[in-house]
Each structure stands twice: as structure tokens, then as C-alpha cells.
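Bear in mind that the values here come from a model prediction, so they are computed numbers and not experimental data. Labels below follow one simple rule: chain letters A, B, ... track the order of the sequence lines, proteins then strands, and each chain is numbered from 1.
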Number of protein chains: 2
Amino acid sequence: MKTLSPSLEIKTKYLRRLHLFHSLSEPELSQIADFSYVRTADRGEILFRQGESARELHILVRGTVEIFFLLESGEKKVIHLLSGPSLVAEAALFMGSPWPADAHILSESLLVAIPRDKIIALTAANPELPWRLMGGMFSRLNEFRNTIENLSRKSAVSRVAVYLLTAAPDCPQIILNAPKNKIANYLGLRAETFSRALRVLVNQGAIAMEEEGIRIMNRSLLESILGEQ
Amino acid sequence: MKTLSPSLEIKTKYLRRLHLFHSLSEPELSQIADFSYVRTADRGEILFRQGESARELHILVRGTVEIFFLLESGEKKVIHLLSGPSLVAEAALFMGSPWPADAHILSESLLVAIPRDKIIALTAANPELPWRLMGGMFSRLNEFRNTIENLSRKSAVSRVAVYLLTAAPDCPQIILNAPKNKIANYLGLRAETFSRALRVLVNQGAIAMEEEGIRIMNRSLLESILGEQ
DNA sequence: CGAATGGTTGATAAGACTCAACTGGTGTGG
DNA sequence: CCACACCAGTTGAGTCTTATCAACCATTCG
């Protein structure tokens, strides 16, 4: 982790990218920016650990972060794969509970950190802010809902189909935001099974593998696979 | 669904059971109670359907409700088994989004419904209220987190062990709050597999089946099973 | 009584996991 | 510069858990 010291304008620009701060006035935003610090982190670095007390809100401006916890068996279970711009585990932070999981950097990232009390202070003057926070939590809730739906879906192929469709809601080109083994874990699959599932989809003509990523060749075919199982 | 007309005191008493309303003053609470109505519902009745717009907050005072959605395959997936007193799908209600899943009554229940706008109006005067709501959402988030952890756990036996341990954090006696096939579904298992997993635990001496429910005979043994897989 | 529901048990089959081998790319240190 | 280890990804073969299908029992309810 390397701390940078960008200008206030730069910091404000970073913050403005987040939906959460849209309701803040310009002075409020730069006030927050003033309290915040900017860091870069490389692959493999640890953002936080489960159980540590959450003192600052981490904002992922650019890069990728994985959120995971350790199962009793000792295995890792990835529950989020975040790409910037995104808040990181904001629910736990705002509720004042310790981090519920571990966060590791997956690829070179730019992060902004804001002390918890500074943010909390803001909510007093901004009644909409808690509602925005709830909105964020609600999307997490929906993500989890989808994850559960996905884990309940028996077939590996259809899990992958769901993932691909949601990863690229409109454009046919998918650049995976994490290594395949992480995505496999997120989907509750082994890397081998994930690889084989992709192959099945290629053979069926639903997708094509390209150097840069994956291309959806036949969206409706992919959608029909969901219904199968 | 049969609508009752209890006294204002009775209604207020029901509401007071919920954590959410703890910060409200007596007049506020009875004001809310005045707007609310009380109903009873029998097994099999529908509380709401996925996609319907959420106009009132349902409070389950007594009884059992299942929350589920339909997978693409047409199968049901149970995501919550609620016992009163409990809020039902409050996150969706407060966010103003349509019901994200279906809710059916599992056993004879007593319900209170409060129009959405009346609750929202309250939050203006009670700045803590949104935070309490967030608290509720946060617990759901944690429930989902646990569900995902559970679904990721491979062994059926350990899934059941987790369920039993969390269902009875202290006392050894467990009265299942839903039919076994619903619990099996909630755990991502077939009813047959659930039954067999219980049998394994009985044979190992971890639990015992009784007429009224299940008794934990050897808690530490049960806990050790979690670690196995 | 007959039907429906919830639960248990047995036999079989399918799907994913496991283990192992192999590839290509990347980074490191002698 | 090369040998080496390491990591991500792929493929193959065998195993194992769970789903599936079927039969059966108990209870409840009309």
C-alpha cells in the first residue's frame, strides 16, 4: 500500500463517481475529500481481515478486490468480486460491526479511505444519505439473493450462463474482471468444472473464446439454457 | 385472510414487540397502530407475490411464513423461514421496489399491516429510524451470508449440523418451525437427503429424535462435524 | 373411506469433485 | 541468458455425494 497525495480536486473527482455521494453539495464533498486519503495497492495485498474493527470506508476507485471468508474446512469462499468504482463492505462499516470477511487486492488498485466518524457526521445534515446507504445495502441483498439462486441451480453450465448474461447485460463482449479460478469459486464451482462448462457453451455455439475475453454469440440460446435446469 | 378489529392497546402491544419500533414514543406508536390493521391467515394463504408492488409493511406477530422464489426450472427455492415476531421483506418495502419473492403462510398466523407512506412519514421526525431499518437489512445480509456459506459447504450432514446449531443457540431442544421438506429446501437439499442426514447424526449420537422435535445430545460433536467439511 | 400431505427408506444414475498430468506464460535468480 | 519455479488454465480418468425414482407408511382432512 502506497499513500498518494493528490490535489483536493482529484480526490473530489474520485468521490463524485460514487452514487452514494450524489446528493452531497460541493462544499460537503470537498470537506470529505479533505479528510480522505488515497492509496494504491498491488495484487496480493490485504485490504482488511475478518474480525478487524472497521474504522474507515474503503472506496475502490480503480482495480479489483475480492471479498471472501474462510469456511470451517479452511477453504476460501469468494462472496464478492468488486471492480471500481465501488464501495467496499460499506454495510458493516456503517453498522459499526467488525469486517465480516476478508478483502484482498486482485489487481493493481486505486483506493480512497474515509474515516468512519467523518461520514457518520455527514448523515446528520443529510437525511437522504441513510436512504442511499440502504439502497446500497439493498443491492447487496439482491446480489446475495442472486447468488443463492445460482448456488441452488444444479447445473454448472447454467450457473455459468447466468454469470455471463449478468456480466454483460447489453454488450456481447465480456472482459472477465477476475481470474477464472476466482470466478469459479464465486459461482461455487471448481476451476475445472468452470472450464468445462465454458467449453460446453462454446461447443453449443452460445459463446466464443477470444484473447481479450468472451463473446456472446447467441444470447437467446444462452438464455434458454437457464430454463433447462 | 380475516381482518380483526382489536383495540388500539392490543395493536400497540403487537408493534412494541419489534425491535424496529423501540425508538418510537408512545404517541407515535399508537398513531401508527391506529393506521394499521390486524389479520389472521391460514396455512396455504398467499401474503404477497413476487413483482406485486409493495404498499404495506407486513408484520408477522405469530405464526410462520415462507419466502421463496421460483427458479427458471419452475422449482421453488425457499430463502427465508420466518417465525413471528418478525418483519416480512421490509427491505423491499422501504426501498419502494416490488416484492422480490413470494410469501406464503405456513401455519396459522397473526399479521399486522401498516401502509408504507405512514411509516415513511415517521422517519422524517425520527432520524434513528433509518438506521434501525439498516440494522434489519444488515441482519438479512448476514443471514444470506450464512446461507451462502452453507450452500458452499459440500456435505449435507454438516449443512444440517449448522442449521441445528443456529436454530438452538443455547437450549438443547429444537422445535422445527417449519415442515422438514421446507427446511430441506432452505438448506438446498432434497427432503430425502435431509432425512438421511438427520439419521446419520442420530447414529453418531449427536442428536436424538423426539416426538416434539429434535434434541441435541452432544453439542461439541455436532460442532466438530462442521469442521469436517 | 379415499385423497393429499409429510416423511422415510432403498436402488440407481448423473453430475461435480478429486487427483493427476500437461500446457503456456511470467517472474526470478544464478 | 537460461533454468527454474510458480501460477492459471485445460483436459482426462475415476470416485463419491446427492438427486432421482419408486415404494411405502402415518396422519390428517373432507
Distance test, side-chain N/O of A/T193 to OP1/OP2 of C/dC17, below 4.0 Å: yes

Sugar-phosphate only, base, or nothing, as touched by A/G188 at under 4.0 Å among non-hydrogen atoms: sugar-phosphate

Distance, rounded to the nearest Å, where A/E75 contributes CD and C/dC17 contributes C1': 10 Å

Rounded distance (Å) that lies between atom P of C/dA16 and atom CG of B/L151: 15 Å

N/O (side chain, B/R199) to phosphate O (OP1/OP2, C/dT9) under 4.0 Å: yes

Counterpart residues, side-chain hydrogen bond (donor to acceptor under 3.5 Å, both in side chains), relative to A/H104 (two or more places apart): none

Touch class at under 4.0 angstrom, heavy-atom based, for B/A191 against every strand present: nothing

Heavy-atom donor-acceptor pair, B/K11 side chain to B/S36 backbone, under 3.5 Å: yes

A/S109 side chain vs A/T64 backbone, donor-acceptor pair below 3.5 Å: yes

Sidechain-backbone polar pair: A/N185 side chain, A/V78 backbone, donor-acceptor under 3.5 Å: yes

Shortest non-hydrogen separation from A/Q204 to A/I225 and the atoms involved: OE1-CD1, 3.1 Å

Degree of bending in the helix from C/dC1-D/dG30 to C/dG30-D/dC1 once both end axes are built from five pairs, to 10°: 30°

d(CE, B/M209; P, C/dG6) in whole Å: 17 Å

Plane angle bin for B/F144 and B/H80 - parallel if under 30°, tilted between 30 and 60°, otherwise perpendicular: parallel

Phosphate contact (C/dT8 OP1 or OP2) by B/K180 side-chain N/O below 4.0 Å: yes

Minimum-distance nucleotide (side-chain atoms of A/E192 versus C/dT18, D/dG9, C/dT8): C/dT18

B/E211 CD - C/dG7 P separation (whole Å): 15 Å

Check: B/R196 side chain, D/dT20 base, donor-acceptor under 3.5 Å: yes

Presence of B/N181 side-chain N/O under 4.0 Å of C/dT5 phosphate oxygens OP1/OP2: no

Nucleotide nearest A/R190 when distance is taken to its side chain, options C/dC17, D/dT11, D/dT10: C/dC17

Atom-pair distance (CG on B/N203; P on C/dT8), nearest Å: 13 Å

Listed nucleotide nearest any side-chain atom of B/R43, set D/dT11, C/dT5, C/dA16: C/dT5

Backbone of B/L93 reached by a side-chain donor or acceptor of B/R116 within 3.5 Å: yes

Integer-rounded Å distance: D/dA8 P and A/F194 CZ: 14 Å

Minimum-distance nucleotide (side-chain atoms of A/S155 versus D/dA13, C/dA16, D/dA19): C/dA16

From D/dT11, C/dT9, C/dG7, nucleotide with atom closest to A/S195 side chain: D/dT11

Atom-pair distance (CG on A/N177; P on D/dA8), nearest Å: 15 Å

Parallel, tilted or perpendicular: ring planes of B/F48 versus B/W99, cut at 30 and 60 degrees: parallel

